[in-house]
Amino acid sequence: EYKLPIKDEL
Amino acid sequence: MNFFRLTADLMHLLSIFVLLLKIQKTRSCSGISFKTQLLYAVVFVTRYLDLLKWISLYNTLMKIFFIASSIYILYLMKIKFRATYDPSQDTFRIEFLLGACLLLALVFNYTFTFIEVLWTFSIYLEAVAILPQLFMLSRTGEAETITTHYLFALGAYRGLYLLNWIWRFYTEHHIDWIVWVAGAIQTALYSDFFYIYYKKVLHGQKFELP
């Protein structure tokens, strides 16, 4: 299953 | 968090403080593109729609700072120091940038949801948001030294993010194509500027285009 890249950067 | 990313974020903060210092000290926003600053405000507002989603205190505080400072800069330029802004120097057509980035975001995104498309739009828009400023610089052919420090810090911030992505790829297998491609383009746009900044400003001369 494809997971979105985690958005922890600004 | 790693060294490159922390340094990059601090450079980003520094760039904003340098810009605020330039405006407050000279009591003028001459040489600064309002259009670029407007695009940055759009970038932060559309990217940080997830402001209430908790990642860390650092993350939340930085997001609030970037949104607030970008809107404050618009206020300084449009209201407080309005008389010092010369629109005839700031003629880049940002409608095309906004339209192209929106179109790209609608086509090339990770998932087709409202939040995700706007996030992607903000990534693409940030990559090109500096163009009105660089265009203004090339039209006038020179810049105040403090303005060039602002631009250098802003460019360095993105350059350091490239190193951060390489680091994260090897240490965490973190992959984010959209951000990588946009970030590489964004950094490349500064290459001419970096070259002249290095040749002139760092050797104590005024920033002038050859």
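Reminder, nothing fancy here: chain letters follow the sequence lines and each chain counts from 1.
Chain A is approached within less than 4.5 Å, heavy atom to heavy atom, by no residue from residues 150-159 of chain B. The stretch residues 29-61 of chain B places B/R47, B/Y48, B/I55, B/Y58, B/N59 near chain A, each with some heavy atom under 4.5 Å from a heavy atom of that chain. For residues 1-12 of chain B, a heavy-atom distance under 4.5 Å to chain A picks out B/R5, B/D9, given by residue number.
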| said: As a quick check of understanding, evaluate side chain to side chain contact (heavy atoms under 4.5 Å, CB included) for B/I178 and B/F108, giving each step before the final call. | reply: CA-CA 8 Å; B/I178 287 177; B/F108 301 104; 5.7 Å; no
| Can B/I175 and B/W180 be said to form a side chain to side chain contact (heavy atoms under 4.5 Å, CB included), step by step? | CA-CA 8 Å; B/I175 294 173; B/W180 288 356; 4.1 Å; yes
| request: Give the C-alpha distance, both sets of side-chain angles, the deciding distance and a yes or no for ring pair (Phe, Tyr, Trp, His ring centres under 6.0 Å) between B/W165 and B/F169. | output: CA-CA 6 Å; B/W165 295 324; B/F169 176 72; over 10 Å; no
| request: Go through the steps to decide whether B/I67 and B/I71 satisfy the test side chain to side chain contact (heavy atoms under 4.5 Å, CB included), and finish with yes or no. | output: CA-CA 6 Å; B/I67 294 173; B/I71 292 170; 4.0 Å; yes
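The environment of CG in B/D192 is sparse: at most 12 heavy-atom neighbours from other residues, nucleotides or ligands sit within 6.0 Å.
By the 4.5 Å heavy-atom criterion applied to side chains, B/Y75 and B/K80 are counted as neighbours. The closest side-chain heavy-atom distance from B/L137 to B/F207 is below 4.5 Å. Counting heavy atoms from C-beta on, the side chains of B/Y190 and B/Y195 never come closer than 4.5 Å.
Heavy-atom distances place no part of B/W177 under 4.5 Å from chain A, backbone and side chain included.
In this structure, B/R82 has no side-chain hydrogen bond (donor to acceptor under 3.5 Å, both in side chains) partners at least two apart in sequence or on a different chain.
Atoms CD and CG, on B/Q186 and B/L125 in that order, are 10.0 Å from each other to the nearest 0.5 Å.
Heavy atoms only, all atoms of each residue included: B/T148 and B/F193 are closest at O-CZ, 3.3 Å.
For B/T26 (side chain) and B/S28 (main-chain N/O), a donor-acceptor pair under 3.5 Å exists by modelled atom type.
Side-chain contact of B/N164 with A/E9: a donor-acceptor pair under 3.5 Å is present, judged by distance alone.
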